A.B. asks: 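Could you have a look at this structure, given as structure tokens, before my questions?
Everything numeric here is computed off the predicted structure, so don't read it as measured data. So you know, we letter chains A, B, ... as the sequences are listed, proteins then strands, and number each from 1.
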Number of protein chains: 2
Amino acid sequence: MSAHTESHKYQQQRLQAIRSAAAVFAEKGFHGSSTRDIAEHMGIKQGSLYYYFKSKEEALGEVCLFGIEDYADHMKVIAASDQSFESKLMATITSHLSSYRERNEALKVYNDERLYLPEEKRRNLKVLGSGYRQLLEEIFEEGVRSGALRGSIDCHFAAQAVIGICNAWGDLIVRDPDLDLFDIIQKCTDLLINGFRERRTIERPIDQ
Amino acid sequence: MSAHTESHKYQQQRLQAIRSAAAVFAEKGFHGSSTRDIAEHMGIKQGSLYYYFKSKEEALGEVCLFGIEDYADHMKVIAASDQSFESKLMATITSHLSSYRERNEALKVYNDERLYLPEEKRRNLKVLGSGYRQLLEEIFEEGVRSGALRGSIDCHFAAQAVIGICNAWGDLIVRDPDLDLFDIIQKCTDLLINGFRERRTIERPIDQ
DNA sequence: CTTTTTTTCTATAGACCTATAGAATTCTTC
DNA sequence: GAAGAATTCTATAGGTCTATAGAAAAAAAG
């Protein structure tokens, strides 16, 4: 219970357990999933799961964290860079929608089930999650200052709109994996930039 | 079990039960809520709940239906009217956000928990729910035909965007009941119309 | 006030679920 | 290949949950 938990194989298997939990929680919800379901998904027996998690709640916490960890990191990098408002927005959307494709199960769990975490864990995640919204809001504020957006825009609503559209279109992506991600990213940037100012000029994205 | 189910008081109490179920499901999710929780919320004992529902699942079905019934109706009326594209869009947003305020609990349950319904009930609801998206899509198609939007717009994505933003902003409304609903409706219409075409002219709303 | 009907209650069967303890197995290392 | 460590298994205690049955209480009807 001390040294072995650091072993490479243990960490690898634990990650597998987190992924299984993510898949099951995403499909049936936290309370709708049993530890047996999760164990079955990764091919072990119910009791064995407790070798990796000390409780079902801990599993939920790990899934949520997995869902947003490098997501929030990305955002910090983007916000700190010195690109134009439009590039930053597009980079944000790219990051958001890409995460949606790769980690959609864990992200869905984070979005839908995190409120079932104990208060303390939830606060820890909130630092990451609302850091995300916060940074997004700041990007919009900068857009207003720089004149890229008209002045009357409410940045709090704008940030929320980005999240809403990305989640909604993220669902479309998950449902139909053949969709062209980049095309959607452009549509989305387009919509938001057009939506918040009168005219727009097209701008190159940074990556992906 | 035959005539009394038609009595006035019975129907009234049953509606109360549906509202209680909505509140509890909205807070804790379907699987996270027990029949005891629901009964307690309406001030009766757990077993008595089965006088109004034959199962917990039936309660969920009723809550979901309650959440979207007149919502889908509204949409039909709007789509069938012969207002301009912009008016129709604004009316849709008005209806969506107003429902969010009044019936947000049941609507949240419809959005988040309907997948736990048995296949058959879910299909029945889907007729209503995706009828909604369908009509919304048609409104956009008409907007394109009429020249109010530029031609390249993908109406399927547009409809999804409306839903995404309304849900996201609906959450803001629920969280802060002091917000000015009409102001938000305007912001939202603004964003969407600007988002999907190059320039916009401001237009009067129809009601509310 | 008595009878009938409607509504609520109590009590419980039967199922399932989490978490733990200790045995069995597999993997490492010497 | 024997000793020790890591991983998985079986079995189960103790709890909660849904749904039902039948008694009790409240309301309506006669």
Side-chain angles (χ1 to χ4, degrees), chain A residues 1-64 109 113 116-118 121, chain B residues 1-64 109 113 116-118 121:
Chain A
M1 213 208 239
S2 49
H4 73 279
T5 57
E6 310 293 332
S7 93
H8 181 58
K9 178 173 179 202
Y10 178 83
Q11 290 302 336
Q12 219 174 8
Q13 280 288 85
R14 189 164 193 270
L15 183 64
Q16 190 47 247
I18 293 173
R19 286 186 184 279
S20 287
V24 174
F25 286 157
E27 192 193 329
K28 308 196 190 185
F30 176 64
H31 292 293
S33 311
S34 69
T35 50
R36 158 176 264 98
D37 293 331
I38 300 169
E40 231 156 54
H41 187 278
M42 69 180 289
I44 61 176
K45 291 290 159 70
Q46 185 262 339
S48 309
L49 200 66
Y50 286 79
Y51 186 59
Y52 297 106
F53 305 115
K54 77 176 213 303
S55 72
K56 191 181 161 190
E57 236 167 35
E58 181 179 301
L60 178 61
E62 295 299 302
V63 171
C64 288
V109 174
E113 316 289 334
Y116 302 127
L117 284 172
K121 272 240 164 103
Chain B
M1 214 206 237
S2 51
H4 73 277
T5 56
E6 311 294 330
S7 93
H8 180 58
K9 180 173 179 204
Y10 179 83
Q11 290 302 336
Q12 219 173 9
Q13 280 287 85
R14 189 164 194 267
L15 184 64
Q16 191 46 246
I18 292 173
R19 285 184 184 281
S20 287
V24 174
F25 287 157
E27 192 194 330
K28 307 194 189 186
F30 176 64
H31 293 292
S33 313
S34 69
T35 50
R36 157 176 266 100
D37 293 331
I38 300 169
E40 232 155 54
H41 187 279
M42 70 180 287
I44 61 176
K45 291 290 160 69
Q46 185 263 339
S48 309
L49 200 64
Y50 287 78
Y51 186 60
Y52 298 105
F53 305 116
K54 78 176 212 302
S55 71
K56 191 181 162 192
E57 236 167 34
E58 180 179 302
L60 177 60
E62 295 299 302
V63 170
C64 288
V109 174
E113 316 289 334
Y116 302 127
L117 285 171
K121 273 240 164 103

A.B. asks: In whole Å, what is the span from the CD atom of Gln16(B) to the P atom of dT7(C)?
C.D. replies: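 In whole Å, dT7(C) P lies 15 Å from Gln16(B) CD.
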A.B. asks: side-chain contact (heavy atoms from CB on, under 4.5 Å), that's the test. Do Phe25(B) and Ile38(B) meet it? Break it down for me.
C.D. replies: CA-CA 8 Å; Phe25(B) 287 157; Ile38(B) 300 169; 3.8 Å; yes
A.B. asks: Should the heavy atoms of other residues, nucleotides or ligands under 6.0 Å from CZ of Arg14(B) be counted, would the total exceed 12?
C.D. replies: yes
A.B. asks: Base, sugar-phosphate alone, or nothing: which one does Gln13(A) contact when heavy atoms must sit under 4.0 Å apart?
C.D. replies: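 It contacts sugar-phosphate atoms only.
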A.B. asks: Please assess Thr35(A) against Tyr50(A) for the test side-chain contact (heavy atoms from CB on, under 4.5 Å), listing each intermediate value before the final yes or no.
C.D. replies: CA-CA 9 Å; Thr35(A) 50; Tyr50(A) 286 79; 3.4 Å; yes
A.B. asks: What is the separation between atom NZ on Lys54(B) and atom P on dA19(D), rounded to the nearest whole Å?
C.D. replies: 9 Å
A.B. asks: Looking at dT18(C), dT7(D), dT18(D), which one has an atom nearest to any side-chain atom of Tyr10(A)?
C.D. replies: dT7(D)
A.B. asks: Separation of Gln12(B) atom CD from dT7(C) atom P, in whole Å?
C.D. replies: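 Spelled out: CD on Gln12(B) to P on dT7(C) is 11 Å.
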A.B. asks: What is the separation between atom OH on Tyr50(A) and atom C1' on dA19(C), rounded to the nearest whole Å?
C.D. replies: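 These atoms are roughly 5 Å apart.
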A.B. asks: Between P on dC9(D) and CZ on Arg36(A), what's the gap in Å once rounded to a whole number?
C.D. replies: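 These atoms are roughly 12 Å apart.
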A.B. asks: Across the strands shown, which category fits Tyr52(A) at heavy-atom distances under 4.0 angstrom: base, sugar-phosphate, nothing?
C.D. replies: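 The residue Tyr52(A) makes sugar-phosphate contact but no base contact.
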A.B. asks: Is it the case that more than 12 heavy atoms not belonging to Glu27(B) sit under 6.0 Å from its CD atom?
C.D. replies: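 At most 12 heavy atoms, drawn from other residues, nucleotides or ligands, come within 6.0 Å of this atom.
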A.B. asks: With heavy atoms under 4.0 Å as the rule, sort Ser48(B) into base, sugar-phosphate or nothing.
C.D. replies: base
A.B. asks: Please test Glu58(A) against Tyr52(A) for side-chain contact (heavy atoms from CB on, under 4.5 Å), starting from the C-alpha separation and ending with a verdict.
C.D. replies: CA-CA 9 Å; Glu58(A) 181 179 301; Tyr52(A) 297 106; over 6 Å; no
A.B. asks: Nearest-Å distance, CG (Leu49(A)) to P (dT20(C))?
C.D. replies: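 Result: 12 Å.
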A.B. asks: Return the value, rounded to whole Å, for the distance between atom CD1 of Ile44(A) and atom P of dA6(D).
C.D. replies: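 One finds 18 Å between P of dA6(D) and CD1 of Ile44(A), rounded.
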A.B. asks: Answer yes or no: side-chain N or O of Gln46(A) and base N or O of dA19(C) forming a donor-acceptor pair under 3.5 Å.
C.D. replies: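 Flag set: donor-acceptor pair detected.
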A.B. asks: In whole angstroms, how far is the P atom of dA19(C) from the CZ atom of Phe53(A)?
C.D. replies: 12 Å
A.B. asks: So, is Lys56(B) near the phosphate of dT18(D), with a side-chain N or O under 4.0 Å from OP1 or OP2?
C.D. replies: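 True: Lys56(B) side-chain N/O within range (under 4.0 Å) of dT18(D) OP1/OP2.
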A.B. asks: With respect to the phosphate group of dT8(C), does any side-chain polar atom (N or O) of Tyr51(B) fall under 4.0 Å of OP1 or OP2?
C.D. replies: no
